[in-house]
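Just so you know, ligand 1 is whichever comes first in the structure, and atom 1 is the first atom listed for that ligand.
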Amino acid sequence: MTVPALRPAPRDISSDPFMADVLAGLSGNPKRLLPKYFYDEAGSQLFEEITRLPEYYLTRTELKILRDNAPAIAALIPRDSALVELGAGSATKAKIMLEAAPQISAYVPVDISAEFLGSEAAKLERDIPRVAVYPVATDFTKPFELPAAPRRRPCVGFFPGSTSGNFEPHEASELLRLASGILGHDALFIVGADLAKDASTLHAAYNDAAGVTAKFNLNLLARINRELDADFDLAAFEHHACYNRERGRIEVYLASRKRQKVHVGGKTFDFRAGETIHTENSYKFTVKSFSALARGAGWVPVAVYTDSNEHFAVYVLKQK
Ligand code: TRP
């Protein structure tokens with residue numbers, strides 16, 4: 001009798017983008033890792049926890065903006081539309097739109113985390129039976145095609161959560177342009193983006209007292225250990241987040257607490273004491289700077305909604 005293999009076969013670098021991206025990112029100087037890999041099952045759950053933290057004003061503020069303005073936004077949406085959400089995570093925000101706009105008959109959540117996507121889609125189909133759900137498990141930063149049924153409908157892109165701020169401005173612009181092609185002619189695009197504000201509010205939002213953000217950041221190393229046969233010592237790295245005013249962004253790092261070596265996929269990486277891995281940027285925009293970005297990518301802002309503190313903004317864009 002043969003003994004079944006307990007370990008999956010080692011990943012092939014050439015065919016595994018996660019392995020390839022991690023090796024490339026750790027080989028660079030400075031070292032970096034791509035934020036899209038935060039969101040495995042554990043990471044998605046930790047991020048949900050972040051959205052409920054008292055310091056993390058973004059989600060709660062965006063939800064209020066959406067709730068307060070859903071009827072006005074709904075009035076712009078054509079009959080029999082499909083709502084196409086990029087980076088769906090939990091469908092809480094989409095639900096607000098789907099409930100306020102009964103003329104939306106399809107929902108297409110697009111997310112890199114397939115497991116999360118499946119369970120959320122099933123829940124939504126139960127809650128709003130009128131809406132047909134077509135989940136697409138893919139990396140929305142790469143070109144992809146919508147399923148045939150929603151593609152025939154007028155499309156409304158939905159990109160909440162300030163995810164657009166997690167890209168370099170030129171990448172965010174490319175992404176908005178890519179979305180324009182995917183959504184098709186005359187599409188609308190509802191996009192959330194965080195507003196520039198005082199450094200202390202921003203600092204607290206990315207350095208919560210309970211340490212959930214630190215755990216979320218460190219989960220990226222835990223995921224690399226789990227999936228890529230690596231040996232990061234999680235206790236030997238710490239979370240850092242600071243506001244870079246000149247660049248208008250929060251920068252998130254993992255800093256090595258000591259000089260150490262880490263092995264990933266058969267390669268060895270040296271860390272100096274204090275050396276950082278850059279894991280995320282979160283750009284903060286003014287209404288003016290975000291509108292300019294959108295225009296540069298082929299969209300015209302037709303409406304902008306903010307909260308009374310002007311902490312966050314939701315833009316409704318229309319194709320030029
Ligand atoms: N899109 C979120 C943001 O920019 C992602 C995020 C929140 C995040 N907290 C984080 C990413 C901490 C890395 C680390 O606000």
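In D194, neither the side chain nor the backbone holds a heavy atom less than 4.0 Å from any atom of ligand 1.
Numbered from 1 in the order shown, with element, the atoms of ligand 1 that lie under 4.0 Å from a heavy atom of G161 read 1 (N). Residue-ligand proximity, S282 to ligand 1, at heavy-atom distances under 4.0 Å covers atoms 3 (C), 4 (O), 15 (O). Proximity to Y39 (heavy-atom distance under 4.0 Å) selects the following atoms of ligand 1: 5 (C). Within ligand 1, counting atoms from 1 as listed, the ones closer than 4.0 Å to a heavy atom of T213 are 12 (C).
For atom 6 (C) of ligand 1, the nearest non-hydrogen atom of the protein is F47 CE1, 3.7 Å. E280 OE2, 2.9 Å is the protein heavy atom nearest to atom 11 (C) of ligand 1. N166 OD1, 2.8 Å is the protein heavy atom nearest to atom 1 (N) of ligand 1.
N166 CG to F38 CZ: the interatomic distance, rounded to the nearest 0.5 Å, is 8.5 Å. The distance from the OG1 atom of T279 to the CG atom of L34 is 10.5 Å, given to the nearest 0.5 Å. The line from CZ of R152 to CG of D80 is 10.5 Å long, rounded to the nearest 0.5 Å.
Taking the six-membered ring for Trp and the full ring otherwise, F189 and F158 have centroids separated by 6.0 Å or more.
Between S162 and ligand 1 there is a heavy-atom distance shorter than 4.0 Å.
With R130 contributing its side chain and P102 its backbone, the two residues share a donor-acceptor pair below 3.5 Å.
A side chain to side chain contact (heavy atoms under 4.5 Å, CB included) with V22 is found for exactly one of L228, D16, L220, namely L228.
In this structure, K31 is positioned above the aromatic face of F271, its NZ or CZ under 6.0 Å from the six-membered ring centre and within 45° of the axis.
The shortest N or O to N or O distance between Y56 and ligand 1 is under 3.5 Å.
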